[in-house]
J.: 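If you scroll down you'll find the structure; I have some questions about it.
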Amino acid sequence: MGADARYDMLRSKAALGRLTFALMAIGFAVLLALGGGLVWLVQQTRVYAGSVASTQELRLSLVQILNMLQDAETGQRGYLLTGEASYLEPYQAALPPLEAALPDLVARVVADGGQAELPRRFVGLAEAKIEEMRRTLGLAEDGQREAALALVRGGEGRRLMDDIRTTGEAMQARSAARLAARTGQLDEAGEALLLAAGTALPLLALVALGTVVATWRHLREIEAARAAATTANAELEARVAERTASLAAANEEIQRFAYIVSHDLRAPLVNVMGFTAELEAALGALRDALARAEAADPALVGPAAREAVDADIPEALGFIRSSTERMDRLIAAILRLSREGRRTLAPERLQPEEIVARIADSLRHQLDAAAATLTVEGRLPMLVTDRLALEQVLGNLLDNAVKYLDPARPGRIVLRGRAQGGRAEIEVEDNGRGIDPRDHARIFELFRRSGPQDRPGEGVGLAHVRTLVRRLGGDIACSSERGKGSVFRVTLPLVTPAARLPLPGDPVA
Amino acid sequence: MTAPLPVTIVMIEDDDGHARLIEKNLKRAGVFNEVVHLASGTAALDYLLGPGRPAQSPMLVLLDLNLPDMSGIDILVRIKDDAELRLAPVIVLTTTDDQREIRRCYELGCNVYITKPVNYETFAQAVRQLGLFLAVIQVPPAP
């Protein structure tokens with residue numbers, strides 16, 4: 001997949017994410033509106049139920065008032081006709097509650113949502129009716145029954161009663177209409193809500209489905225991406241392992257090469273030195289013979305022969321000898337390096353200060369001779385590493401520091417260290433003669449040295465140190481200024497992993 | 001002076017120069033036994049284990065480890081695997097001074113391991129001392 005395509009996919013994924021989010025937002029908004037509508041409807045229903053109850057109560061009150069009026073009228077008429085007090089009882093029973101109910105009626109109707117006009121008329125009529133009844137009954141009590149009856153016959157009472165009935169019916173009709181209107185409203189709201197729910201719910205279902213599908217797709221994509229990453233990782237690891245293995249193999253090959261070469265170089269060297277010695281021994285015999293011949297007859301031995309035996313041959317043999325000895329030392333150095341690369345590391349917990357103290361003891365004589373001081377600044381980090389390797393690394397560095405001090409000033413060698421991010425850094429600083437910047441990399445190569453060649457050595461120490469440090473999984477660098485001093489900075493893992501895997505060709509221990 | 005037993009010294013050494021120097025110094029130490037010089041591993045195995053193997057005379061093997069055609073260790077293994085030859089003392093005389101190699105040789109049954117010193121005086125001295133040693137050690141007779 002190209003970068004552009006990948007970018008497009010990412011962008012479309014982002015768009016998809018936004019769409020999903022928008023759909024979900026809409027879905028939730030709809031759900032919320034639906035919920036709000038439902039709450040409103042419930043509230044409306046409660047209001048409705050309350051108002052229906054009050055309307056019914058009102059209607060009941062109206063009927064009761066009418067009944068009471070009728071009872072009162074019946075009682076009035078019975079009493080007026082018969083003159084017997086017992087007939088007056090319904091009147092007497094109806095009148096107090098009637099008079100109590102009437103004053104509130106207008107307010108109650110208005111509160112129920114009706115108009116004041118009709119109830120006001122109704123109350124007026126009812127009060128007029130009561131007044132009429134009271135007047136007739138008053139006349140009857142005063143003994144003027146006929147006058148009272150005449151009043152009744154006059155029909156005012158009946159007319160009033162009829163008006164009351166018509167008005168009451170009109171009120172009932174109105175309240176019924178109010179009830180119907182309310183029910184209609186509620187029905188409409190319910191229907192609207194039902195309609196809304198009817199449209200919203202499929203929409204919601206659609207949104208939910210869409211979201212689920214989008215999420216599922218997204219999850220699948222994530223899963224696929226993770227699988228791809230895992231595969232890529234595995235591939236990468238495999239590749240790293242492959243490279244590491246081939247690197248280790250190459251390294252091993254070099255080690256074996258150095259090992260074999262140094263051995264095979266040594267064998268002819270034994271011959272060169274051996275037969276040189278044989279030659280020297282033979283030269284001795286020759287010299288004796290020459291001396292005897294000269295003693296017998298000086299003319300027998302010419303100056304050339306004497307020169308050869310006394311000067312030329314010994315000189316040649318001397319050069320052969322010193323060169324082979326040097327070669328032997330160089331081979332020994334190569335051998336040591338190759339052996340160091342093959343040695344099995346044995347990491348253990350080490351306190352570098354102890355090692356430094358031991359080295360300082362062994363360098364005491366040189367330090368004193370150079371009037372130099374060796375100090376450890378602060379604490380050196382605790383390490384888990386190979387003791388021998390660390391001893392040799394620090395030993396070589398300190399040995400060099402002492403060896404290349406500047407006689408012009410008192411020597412000062414400082415060690416300091418710190419741990420950081422799983423690695424330890426140990427610095428060996430001196431105020432010695434310093435190293436030319438051109439040689440900062442070169443000095444770590446085998447048989448390479450820097451500065452005036454006035455100190456013994458083969459150019460092996462730092463090469464050895466670098467080999468060791470790298471084997472421990474670290475590295476070494478140098479910073480130095482001529483005439484000022486040098487700093488060698490060794491970085492090592494705080495914990496060196498245990499022994500490397502045995503390589504093919506390792507002798508069985 | 002002659003060695004107390006007619007022991008044959010079988011010298012397996014690919015470097016003719018080394019072989020010559022060893023012989024010279026053995027003679028200087030007074031060892032005049034017969035020295036059979038074999039310059040390759042194949043020749044050595046052929047001599048020691050081949051059809052014409054010397055059955056009668058007791059022998060002592062001087063073995064170099066760095067042979068062109070095989071490792072001296074292989075020869076050591078073959079010698080120590082052989083019912084008759086395994087009694088013969090084997091002196092490994094080689095340039096290798098690798099500790100693991102030395103250990104391995106002793107584990108496989110070598111009797112003495114000597115590193116050839118590059119310094120000739122030391123070398124000569126080592127061989128001469130070996131000669132003195134050869135003059136006194138007892139080698140089991142051939143069965």
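Predicted, not measured: the structure shown is a model, and the values here were computed from it. Labels below follow one simple rule: chain letters A, B, ... track the order of the sequence lines, proteins then strands, and each chain is numbered from 1.
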J.: Is there a salt bridge (charged side-chain N to carboxylate O under 4.0 Å, His left out) between A:Arg321 and A:Glu280? Walk through the geometry before answering.
T.: CA-CA 11 Å; A:Arg321 188 179 276 276; A:Glu280 274 170 347; 2.6 Å; yes

J.: Side chains of residues 271-278 of chain A: which donor-acceptor partners sit under 3.5 Å, not counting sequence neighbours?
T.:
{"unit_1": "A:Asn271", "atom_1": "OD1", "unit_2": "B:His18", "atom_2": "N", "d": "3.0"}
{"unit_1": "A:Asn271", "atom_1": "ND2", "unit_2": "B:Asp15", "atom_2": "OD1", "d": "2.5"}
{"unit_1": "A:Asn271", "atom_1": "ND2", "unit_2": "B:Asp15", "atom_2": "OD2", "d": "3.0"}
{"unit_1": "A:Thr276", "atom_1": "OG1", "unit_2": "A:Val272", "atom_2": "O", "d": "2.3"}
{"unit_1": "A:Glu278", "atom_1": "OE1", "unit_2": "B:Arg28", "atom_2": "NH2", "d": "2.8"}
{"unit_1": "A:Glu278", "atom_1": "OE2", "unit_2": "B:Arg28", "atom_2": "NH1", "d": "3.0"}
{"unit_1": "A:Glu278", "atom_1": "OE2", "unit_2": "B:Arg28", "atom_2": "NH2", "d": "3.4"}
{"unit_1": "A:Glu278", "atom_1": "OE2", "unit_2": "B:Tyr120", "atom_2": "OH", "d": "2.4"}

J.: Does any backbone or side-chain atom of B:Glu121 lie under 4.5 Å from a heavy atom of chain A? Answer side chain, backbone, both or neither.
T.: side chain

J.: With a 4.0 Å cut-off, would you call A:Arg306 and A:Glu294 a salt bridge?
T.: yes

J.: Any donor-acceptor pair under 3.5 Å linking the side-chain atoms of B:Arg103 with those of B:Gln99?
T.: no

J.: Among all residues two or more places apart in sequence or in another chain, which pass the side-chain contact (heavy atoms from CB on, under 4.5 Å) test with A:Ile313?
T.: A:Leu283, A:Leu317

J.: Report, one line per pair, each donor and acceptor closer than 3.5 Å where one atom sits in a side chain of residues 382-394 of chain A; sequence neighbours left out.
T.:
{"unit_1": "A:Thr385", "atom_1": "OG1", "unit_2": "A:Thr496", "atom_2": "OG1", "d": "3.2"}
{"unit_1": "A:Asp386", "atom_1": "OD1", "unit_2": "A:Ala346", "atom_2": "N", "d": "2.7"}
{"unit_1": "A:Asp386", "atom_1": "OD2", "unit_2": "A:Arg343", "atom_2": "NH2", "d": "2.4"}
{"unit_1": "A:Asp386", "atom_1": "OD2", "unit_2": "A:Leu388", "atom_2": "N", "d": "3.4"}
{"unit_1": "A:Asp386", "atom_1": "OD2", "unit_2": "A:Ala389", "atom_2": "N", "d": "2.9"}
{"unit_1": "A:Arg387", "atom_1": "NE", "unit_2": "A:Glu348", "atom_2": "OE2", "d": "3.4"}
{"unit_1": "A:Glu391", "atom_1": "OE2", "unit_2": "A:Arg358", "atom_2": "NH1", "d": "3.2"}
{"unit_1": "A:Gln392", "atom_1": "OE1", "unit_2": "A:His464", "atom_2": "NE2", "d": "3.4"}

J.: Chain A contacts: which residues in residues 72-79 of chain B have a non-hydrogen atom closer than 4.5 Å to it?
T.: none

